[in-house]
Asks: 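Before I ask anything, let me first share the structure, which is written out below as structure tokens.
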Amino acid sequence: MDLKELYQEIILDHAKNPRNKGKCEGFNHDAKAHNPLCGDKVHIYLKLDKDKNISGLSFEGEGCAISLASASILTDTLKGRDLNFSKKVTNDFLDMLKNKTKITLNSLSEDQITTISSLSGVQEFPMRIKCATMAWHTLLSALKKKV
Amino acid sequence: MDLKELYQEIILDHAKNPRNKGKCEGFNHDAKAHNPLCGDKVHIYLKLDKDKNISGLSFEGEGCAISLASASILTDTLKGRDLNFSKKVTNDFLDMLKNKTKITLNSLSEDQITTISSLSGVQEFPMRIKCATMAWHTLLSALKKKV
Amino acid sequence: MIDFNNIKNKFPIFKQKIKGKPLIYLDSANSAQKPKIVIDEISRFYETEFSNVGRSVHTLAVKATNKFEETRDIVKSYINAKHREEIIFTKGATDAINLAATAFGEKYINEGDEIILTELEHHSNYVPWHYLRNKRGAIIKFASINENGEIDVDEFKKIITEKTKIIAFTHISNVTGTILPVKKIIDLAKSKNIPVLIDGTQSAQHIGLDVQDLGCDFYAISCHKMYGPNGLGILYAKKKWADELPPYQGGGGMISEVKKDEITYADSPTKFEAGTMQTAEVVAFAKSIQFIQDLGIKNIEEHESQVLEYGLEKLRKNNSVNIIGNPSKRASIMSFTIKGIHPHDIATILDDDGVAIRAGHHCCQILHDKLKIPASARASIGVYNNKDDIDVLCESINKCKKVFNI
Amino acid sequence: MIDFNNIKNKFPIFKQKIKGKPLIYLDSANSAQKPKIVIDEISRFYETEFSNVGRSVHTLAVKATNKFEETRDIVKSYINAKHREEIIFTKGATDAINLAATAFGEKYINEGDEIILTELEHHSNYVPWHYLRNKRGAIIKFASINENGEIDVDEFKKIITEKTKIIAFTHISNVTGTILPVKKIIDLAKSKNIPVLIDGTQSAQHIGLDVQDLGCDFYAISCHKMYGPNGLGILYAKKKWADELPPYQGGGGMISEVKKDEITYADSPTKFEAGTMQTAEVVAFAKSIQFIQDLGIKNIEEHESQVLEYGLEKLRKNNSVNIIGNPSKRASIMSFTIKGIHPHDIATILDDDGVAIRAGHHCCQILHDKLKIPASARASIGVYNNKDDIDVLCESINKCKKVFNI
Ligand SMILES: Cc1ncc(COP(=O)(O)O)c(C=O)c1O
Ligand SMILES: Cc1ncc(COP(=O)(O)O)c(C=O)c1O
């Protein structure tokens with residue numbers, strides 16, 4: 001397994017210039033998580049509209065490139081999408097890392113699929129899987145947790 | 001090492017018919033000990049006269065053949081002897097089991113030396129040394145402990 | 001059918017001669033011998049995969065952590081626990097019971113609360129509760145044995161009250177071999193909402209285990225008696241308790257966040273596994289379970305019962321021998337006394353024939369007090385024992401009588 | 001002169017290739033690799049001498065017990081303790097500190113009493129004291145580090161009061177490698193009659209020890225960091241404390257007499273060693289000490305210092321690398337950060353070159369908070385490391401920068 005698969009350009013780009021950092025305006029759900037072993041932290045903020053649309057989605061956090069990129073990609077991919085679809089993508093993402101499946105959702109653009117899939121390199125680095133999945137698990141918690 | 005050296009006739013005789021069992025009349029010193037691993041117990045009673053003579057010496061206790069025989073032989077050997085001599089015999093006895101030395105005190109009869117030395121077989125059974133020495137250690141404690 | 005006659009070959013220790021004679025090891029209730037696959041796994045692990053677990057991200061750490069956590073899954077399946085978080089690795093059964101008693105006691109035992117034990121308990125399942133009696137003003141009650149060394153479920157009925165906070169008892173007695181009516185006692189306790197801790201130290205290696213079927217709240221296991229490495233035990237704690245109980249030892253790995261004024265803790269099992277663990281031992285323990293599974297625990301049970309029955313029958317025929325307890329359900333253990341010969345002397349004389357048994361009160365002083373004997377001799381049967389071993393034992397017992405002219 | 005270049009041959013793990021490359025193990029502060037003589041001793045013991053210790057009287061039990069107690073004597077000599085009863089075997093340093101803190105706290109810590117720690121402490125030397133804060137209303141004070149990561153004895157002077165009941169601190173920091181002015185701190189504490197516990201987890205394998213000369217009251221050691229088996233630690237407790245402290249865990253072996261209403265305990269060390277011990281580990285640990293003594297602890301100290309100095313110098317030359325702490329006295333540990341690359345990523349990239357380091361807060365969150373960094377990368381040096389290893393480390397650090405386009 002090559003390091004280059006893990007630290008792809010897309011990932012480094014998201015890690016260095018994370019999208020959607022900060023608290024999104026008018027957020028009404030949030031959740032945070034933290035990995036005591038490495039000190040990674042993430043806090044997800046989201047605005048769920050009445051029509052079950054995630055109109056706002058952002059994060060705060062610190063951590064390794066994988067965890068930052070993962071949070072950034074998550075917000076970038078799901079902002080503006082509806083609740084059920086977002087849950088489906090999240091589960092598919094977690095599945096990708098757990099069972100090495102591929103992400104193939106029709107309603108994601110090819111670009112978006114490439115971006116999310118860039119994190120599949122983590123499959124081969126078992127100690128890093130938590131870094132990649134933390135933001136996504138936290139999103140699921142946030143969806144259950146109204147402010 | 002032969003079992004017969006350990007369980008010599010003299011020892012079995014003392015174990016089955018222990019001498020000086022019970023509380024000796026007018027005892028003014030005593031001490032007890034117990035081995036939590038095997039449950040052996042011994043309680044030494046002694047009467048120390050003003051002239052430093054051990055005029056009374058007896059024991060109560062329960063335990064294996066070695067520990068009973070040892071207590072019985074102790075009382076039989078030292079009853080009526082003076083304090084310093086008794087301490088010397090005790091130390092020689094403990095030395096015999098620890099350093100495999102021989103008991104050769106002039107003022108013990110040949111018979112007495114044979115009797116005490118019958119316990120030297122225990123040297124070869126390290127887990128049983130405590131059984132043989134407990135009464136003697138307890139005697140030393142008793143000498144320090146007035147009733 | 002498994003051939004139990006060749007099993008000694010799997011245990012290197014039996015290549016030893018003791019005083020020139022074959023080793024007849026009848027002290028497995030104390031600690032079992034280890035099969036070659038377990039010993040070799042310890043070496044293999046240290047030689048090729050060793051690293052501390054759960055902390056670093058390098059290759060060895062990943063291998064070690066995976067192997068370590070794999071054993072947790074194997075244990076979970078083996079005892080049929082529902083969640084892997086219910087499996088806590090400890091230093092031994094003693095450590096497991098101390099953990100459970102201390103953590104449970106801290107949260108749930110207050111002055112005047114009652115703890116029920118039995119007269120059969122090993123000191124490991126009494127002293128930790130005694131601490132709660134001293135520190136928290138709890139009361140300890142002992143369910144009594146009958147003349148056969150059994151404990152009827154009615155004994156528990158008699159002493160359970162509104163104040164009973166926990167019942168802790170041994171699955172199999174390490175002196176009489178009595179198999180307790182575990183399920184009935186648990187059902188009774190459940191009907192009154194009282195949690196149950198089972199000391200499974202003498203059972204896990206002899207009979208099949210299913211903690212969900214039993215329904216117990218805690219189950220303590222001693223790995224070194226399951227043909228596994230020493231220095232390792234397991235506490236099964238039902239998820240509810242694993243979640244609710246406060247941590248026990250404090251240290252690295254068991255925390256969530258540490259500040260100068262406050263500390264929060266990780267979830268189970270991490271919460272209960274402070275400090276560097278016995279990595280090699282845990283990894284090798286997977287092989288102990290494999291060893292047991294390859295033989296089949298049912299086959300082991302049957303084999304050991306046959307050897308036990310054979311032994312009991314032979315001993316009963318010996319008039320000088322008094323067998324301790326006569327329970328209708330018994331596993332693997334025969335304790336006895338011989339009139340006129342102290343157990344300590346028996347053990348020494350047997351050892352001269354290569355027969356290893358234990359003499360003493362076997363950490364059950366309360367039971368020995370009740371039986372009015374200071375000590376007993378115990379022959380305990382493991383998977384490697386057979387009827388020939390029993391024959392040597394019985395011959396050697398006759399020799400004791402000769403040495404003592406009885 | 002000892003040839004440290006051939007030492008890797010004594011450790012089977014170095015036959016491993018990691019991702020096709022030689023293993024460069026720089027994670028010894030986490031857990032050290034084991035020399036062949038230690039691994040082989042575990043097997044040898046299980047194969048030829050194994051039995052539970054201190055309980056039975058048969059031949060194997062005698063052999064095992066003697067070997068076990070021999071190791072106690074060897075440890076006693078090695079650290080120059082005065083009495084063998086001062087050497088208590090535990091599951092690890094964490095267990096050792098928990099034992100000391102719990103037993104000491106129970107008897108001597110009351111509401112409002114003060115415990116002094118330092119900002120350098122590992123969670124294992126903080127959480128057990130935090131328990132006393134919670135349970136007994138004690139107060140914890142932290143001696144502060146200066147900008148070099150050192151702690152001056154004056155820091156202790158500032159915070160000692162009439163209420164100070166114990167001072168507990170690490171001999172060598174597991175993050176900065178700082179060697180604390182142990183003797184000065186102990187002298188200060190002694191002048192005020194305050195007992196001292198030293199967390200010697202990072203020191204025993206690097207520098208010579210003499211507990212009588214130090215004059216400490218407690219000293220905790222982690223055997224697995226001394227090239228010994230995992231699951232084993234040692235608490236040195238000065239005789240006065242070994243005698244006075246109440247027992248910690250309750251169970252078999254540690255009692256004197258057990259009745260239904262009362263229990264009395266054995267003397268130290270038995271009092272503190274409840275349940276079946278890690279027999280094989282203790283026996284094999286004698287070989288770890290032999291391994292260290294054959295090399296000579298002075299030679300080890302010198303060799304490791306040279307490798308450390310070489311490493312520090314090389315890292316200092318690398319502008320992107322920030323070394324944590326700059327203590328004038330340092331042993332075996334270099335923690336660092338690289339601007340723009342998280343330690344976790346560093347560890348993963350280094351691993352690709354076979355270089356095993358640790359990333360995280362190393363169980364020192366308080367220190368990392370103080371330094372305002374969430375984590376660091378740590379390379380720690382063992383007896384088997386050499387300057388070539390440092391060269392590979394430094395090349396690999398440069399590769400990190402390449403991967404991250406820095
Ligand atoms: C019934 C019983 N409980 C508890 C224990 C303690 O187990 P361990 O020594 O593994 O801590 C033992 C074994 O000595 C035992 O037989
Ligand atoms: C300074 C320090 N103290 C305590 C510990 C805990 O030691 P152990 O994991 O052996 O319990 C460690 C190691 O992790 C350490 O580095």
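A quick note: this is a predicted structure, and the numbers were derived from the prediction, not measured. Note that these values count all heavy atoms, side chains included, but never hydrogens, waters or copies made by symmetry.
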Asks: If you count heavy-atom pairs within less than 4.5 Å of chain B, which of D:Ser256, D:Ala61, D:Gly252 leads?
Replies: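 Max contact count across the listed options: D:Ser256.
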Asks: If you round to the nearest 0.5 Å, how far is OG of B:Ser118 from CD1 of B:Ile113?
Replies: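 Reported value, rounded in 0.5 Å steps: 12.5 Å.
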Asks: Mark yes or no for whether D:Arg84, through its side chain, and D:Lys76, through its backbone, hold a donor-acceptor pair below 3.5 Å.
Replies: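 Not at all, since once roles are kept as given, no pair shorter than 3.5 Å links the two residues.
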Asks: Of the non-hydrogen atoms in D:Pro35 and D:Pro12, which two are nearest, and what is the gap between them?
Replies: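 So the two residues come closest at C-CD, 4.3 Å.
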Asks: Is any side-chain heavy atom of D:Glu49 closer than 4.5 Å to a side-chain heavy atom of D:Arg44?
Replies: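 Contact flag for D:Glu49/D:Arg44 side chains = yes.
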Asks: Mind checking which of residues 77-98 of chain B sit less than 4.5 Å from chain D, heavy atom to heavy atom?
Replies: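 Interface residues of residues 77-98 of chain B: none, nothing closer than 4.5 Å to chain D.
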Asks: Looking only at side chains, do D:Asp210 and D:Asn80 share a donor and an acceptor under 3.5 Å apart?
Replies: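 Present: a donor and an acceptor within the cut-off.
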Asks: Between the side chains of D:Asn110 and D:Lys165, is a donor N or O closer than 3.5 angstrom to an acceptor N or O?
Replies: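 On atom types as modelled, these side chains do not qualify, holding no pair under 3.5 Å.
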Asks: Where on D:Thr59 is there a heavy atom nearer than 4.5 Å to chain B: the side chain, the backbone, both, or neither?
Replies: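 For D:Thr59, there is no contact with chain B at all, as no heavy atom is under 4.5 Å.
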Asks: Anything under 30° is parallel, anything over 60° is perpendicular, the rest tilted; go ahead and classify D:Phe50 against D:Tyr46.
Replies: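 Ring orientation, 0 to 90° scale: tilted.
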Asks: Please flag which part of B:Lys41 lies under 4.5 Å from any non-hydrogen atom of chain D: side chain, backbone, both or neither.
Replies: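 It is the side chain, since no backbone atom gets that close.
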